[in-house]
Amino acid sequence: MQGELLELKDIRRSYGEGPSSVEVLHGISLTIKRGEMVAIIGPSGSGKSTLMNIIGCLDRPTSGSYEVSGRDTSRMEADELASLRRDFFGFIFQRYLLLSNLNASENVQVPSIYSGYNKSKRAVRADMLLERLGLGERKGYSPSQLSGGQQQRVSIARALMNGGQIILADEPTGALDTKSGSEVMKILTELNAEGHTVILVTHDPRIAAHARRVITIRDGNVVSDELKDKAPEAEKGNSVIKDAGADAIPDIRLKAAWSTSARAYLDRFEEAGAMALRSMISNRMRTLLTMLGIIIGIMAVVMVVALARGASDNIISNISSMGTNTISVMPGERMGDVRSGKVRSLKISDMNALKGQPFVDSVSPVVQSSVLFRRNNIENTGTVYGVSSDYFRVYGMELARGRLFNENEASGDMQVCVIDAKTASSMFPGIDPLGQRIIVKTTPMVVIGVLTDKDIMFRPRDALYVYAPYSTVMHKLSNQDYLSTLIVRIASGFSTPVAEASLTSLLKSRHGRKDFFIQSSDTIMKTISQTTSTFTLLISAIAVISLLVGGIGVMNIMLVSVTERTREIGIRMAVGARQSDIMTQFLIEAVTVCITGGLAGVLLSLIAGKIVTLFFPSVPLSFSALSIIVAVLTSSVIGMVFGFMPARNAARLDPIEALARE
Ligand code: ADP
Ligand code: MG
């Protein structure tokens, strides 16, 4: 390799744009060789830090060329510069710039995380470096528990973590007392003796005296560049760096293959996740408030879906128990037609015509009427249904005792009836109703059967029902020759739509026009599921809006967090974080907040569901795994979408500006 490690040619740096632009460095040319110890000295404001930042690839010159090991840096992408900062340079700042929420050992490891080095080796190396610098006992301490000198030693260990071929120290002793300062200088001298190239910036000639080469700059120009004949006398006394075991420190740089392996990416990801958790925990209240929007939104979605599903499950199971292969034919044009009471075209002859059709399994007419039931001195209003014997099968009604009437009784004006359990208990308290008489309006009927107590769809639970032969009801009770409804059970092998079509055309030709409408349990079911899904959609839209509001909350907080942590971002960039590393860290943070909020929302919904079923068992709730998965996915998508802008803002920060901010 050639002698020139760093080569600066006519480097200029201006701040500001246009006429107000001020040039701070006026064409600096320098070469620095491998293994040198160089001090750059000059009064405050002369441009030392500006120069140092350019040398360290934290900043770019406005013009001029800068080559590192023969590679021109002006053509490098941001990530390539980050890789130089990470693996080539080691920075030491006047204000140490440690991350306050990491302990000493973790701080030292930061550069190697971004290089993708093995986790356990990383920890061993960091601890050994700290030990060498006399901080073996304090590796678990956080920066606030360390003195300035100790913090600076942690930052030296961090600079050495990835090798630190070139150590850049900008006023490393500026904030330290004399003793700590001279200790730090001794460490730097010893590191130079071990082969590290050291570039040191200071305004203090006594500090500069530690270096063999001293470059003086004034007002952005190099005014002298002196090389002493021999290295300055090393101070007497024991060396500060503990020599023992220096060779034993694992050189993780040899394992560079790590940095591109899938595991290394996973590791960086995991690291970003750990950072996110740490920052969430250290800002507990803020995190909780941020999550609240997500929690409420997710709860709303999950609960509403559960309620809608529960309700429609309930209805659908009711309908299917009645059998899905029935069609009701009713007079009028549609459900709720006000004139349907006046349409009297549905006749017994229609029923007989249908009976002969191949798609019909069985037919029952329905004639219903609200009447007074009497027995001795007991009177109750109820509904009498004039039906045929097939009716009970169509509705899946079961007998508790006695028998049903047969076809002959149904069509032969027989005065018999089947009563439901409610009628049995109200009209025959304490008596066996079988064989007893009940007066329906004016017609006495003999009870031949009692039905089991079972809810029938769309019928009020407390009302009384008596089922009598349709002929009896038509002729003796309501004096009508038309039917209120015809219920058709479709023969097996025929689909509902086919049966509906044939039935419609048959009745239309018989009546000469369509003065009836049909309703199959199929269509009812469809309508119900349509209604519930519309309802679910509507409420979900509201839930989505609340999720949106939650997401905006997350974005807000993340933006604040980026601003608050600008310095942290600057430090991470200075030690070699790529833009993508910063982006990942903030995105993961946003996503973690949202997923945690989502999971909390799901959990709370399940708990709320348990409580509701405990106190209101009749409220139907059916949680679907799908809605829960969708809820959690939604919340992570919200995290991604709303975390993106703040994360991008963080990643695009200029390292120098980020570091300058307090
Ligand atoms: P030193 O480190 O030698 O004290 P600096 O390199 O920090 O000096 O600054 C050199 C000059 O550049 C100073 O006059 C300072 O005001 C100016 N300067 C430094 N950074 C900026 C900046 N970001 N914007 C504008 N001027 C700057
Ligand atoms: Mg400075």
Side-chain angles (χ1 to χ4, degrees), residues 6 8-30 32 37-64 66 73 78 81 85 89-98 148 151-152 155-156 159 166-176 181 184-185 188 198-211 213-226 563 566-571 573-575 649-650 652-662:
L6 307 176
L8 293 86
K9 278 189 205 138
D10 198 27
I11 292 291
R12 288 168 192 277
R13 178 68 165 103
S14 320
Y15 289 111
E17 301 278 314
S20 64
S21 135
V22 179
E23 194 174 78
V24 173
L25 297 179
H26 312 291
I28 289 191
S29 298
L30 276 181
I32 289 167
M37 176 144 180
V38 184
I40 298 173
I41 188 167
S44 178
S46 55
K48 306 181 297 292
S49 294
T50 306
L51 179 62
M52 193 66 149
N53 292 335
I54 289 172
I55 293 176
C57 295
L58 271 170
D59 194 11
R60 289 178 193 259
T62 315
S63 71
Y66 173 38
T73 58
L81 294 175
R85 294 198 294 270
F89 296 109
F91 281 95
I92 300 164
F93 299 95
Q94 178 175 357
R95 294 255 161 228
Y96 336 121
L97 298 187
L98 299 177
Q151 288 188 60
Q152 195 59 298
S155 96
I156 294 174
I166 304 178
I167 292 175
L168 305 175
D170 190 349
E171 309 262 11
T173 61
L176 299 179
V184 164
M185 282 319 297
L188 290 179
V198 176
I199 304 174
L200 170 76
V201 157
T202 180
H203 62 272
D204 182 349
R206 280 168 304 169
I207 299 293
H210 285 84
R213 181 178 172 193
V214 177
I215 298 169
T216 311
I217 67 172
R218 190 161 293 138
D219 295 329
N221 288 301
V222 175
V223 293
S224 78
D225 187 345
E226 295 164 9
T563 319
T566 304
R567 216 172 70 109
E568 175 193 331
I569 297 166
I571 295 171
M573 285 181 157
V575 301
N649 285 358
R652 284 188 177 172
L653 280 175
D654 186 43
I656 284 299
E657 278 177 34
L659 277 177
R661 245 180 271 174
E662 271 309 310

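Start at 1 and go down the list; that is how both ligands and their atoms are numbered. Residue indices begin at 1 and follow the sequence shown.
Here the CD1 atom belonging to Ile215 is positioned 8.0 Å from the CD1 atom belonging to Ile199, to the nearest 0.5 angstrom. Distance check: Arg13 CZ to Asn53 CG gives 9.0 Å after rounding to the nearest 0.5 Å. The distance from atom CD1 of Ile166 to atom CG of Leu6, rounded to the nearest 0.5 Å, is 4.0 Å. Annotation: the span from Ile41 atom CD1 to Glu226 atom CD amounts to 10.0 Å, rounded to 0.5 Å. With values rounded to the nearest 0.5 angstrom, Thr50 atom OG1 is found 14.5 Å from Arg12 atom CZ.
Contact annotation for Thr50 and ligand 1: heavy atoms of both the backbone and the side chain come within less than 4.0 Å of the ligand.
Scanning all heavy atoms of the two residues, the minimum distance from Gln152 to Ser155 falls at OE1-OG, 2.6 Å. Between Ala658 and Gly570, the closest heavy-atom pair is CB-CA, 3.6 Å.
Here Asp225 pairs with Arg213 in a salt bridge; the nearest charged N to carboxylate O distance falls below 4.0 Å.
Near Gly47, with a cut-off below 4.0 Å to any heavy atom, the atoms of ligand 1 are 1 (P), 3 (O), 5 (P), 6 (O), 8 (O), 10 (C). Interface of Ser44 with ligand 1, defined as ligand atoms under 4.0 Å from a residue heavy atom, comprises 4 (O).
Using bins of under 30°, 30° to 60° and over 60° for the plane-to-plane angle, the ring pair Phe91/Phe89 lands in the tilted bin.
At distances below 3.5 Å, at least one donor-acceptor pair connects side-chain atoms of Lys48 with backbone N or O atoms of Pro43.
Counting heavy atoms from C-beta on, the side chains of Leu51 and Leu8 come closer than 4.5 Å.
Shown here, atom 2 (O) of ligand 1 is in close reach of the protein: a heavy atom of it lies under 4.0 Å off. Protein non-hydrogen atoms do not reach within 4.0 Å of atom 15 (C) of ligand 1.
Residue, atom and distance of the protein heavy atom nearest to atom 4 (O) of ligand 1 are Gly45 N, 2.7 Å. In terms of protein heavy-atom proximity, atom 7 (O) of ligand 1 is nearest to Ser49 CB, 3.6 Å. Tyr15 CE2, 3.5 Å is the protein heavy atom nearest to atom 23 (N) of ligand 1.
Residue Val24 has no nitrogen or oxygen atom sitting less than 3.5 Å from a nitrogen or oxygen atom of ligand 1, judged on distance alone.
The shell of residues lying under 4.0 angstrom from ligand 1, judged by heavy atoms, excludes Gly42.
Listed by chain and residue number, the protein N/O/S atoms under 2.8 Å of the Mg ion (ligand 2) are Ser49 OG, with waters left out.
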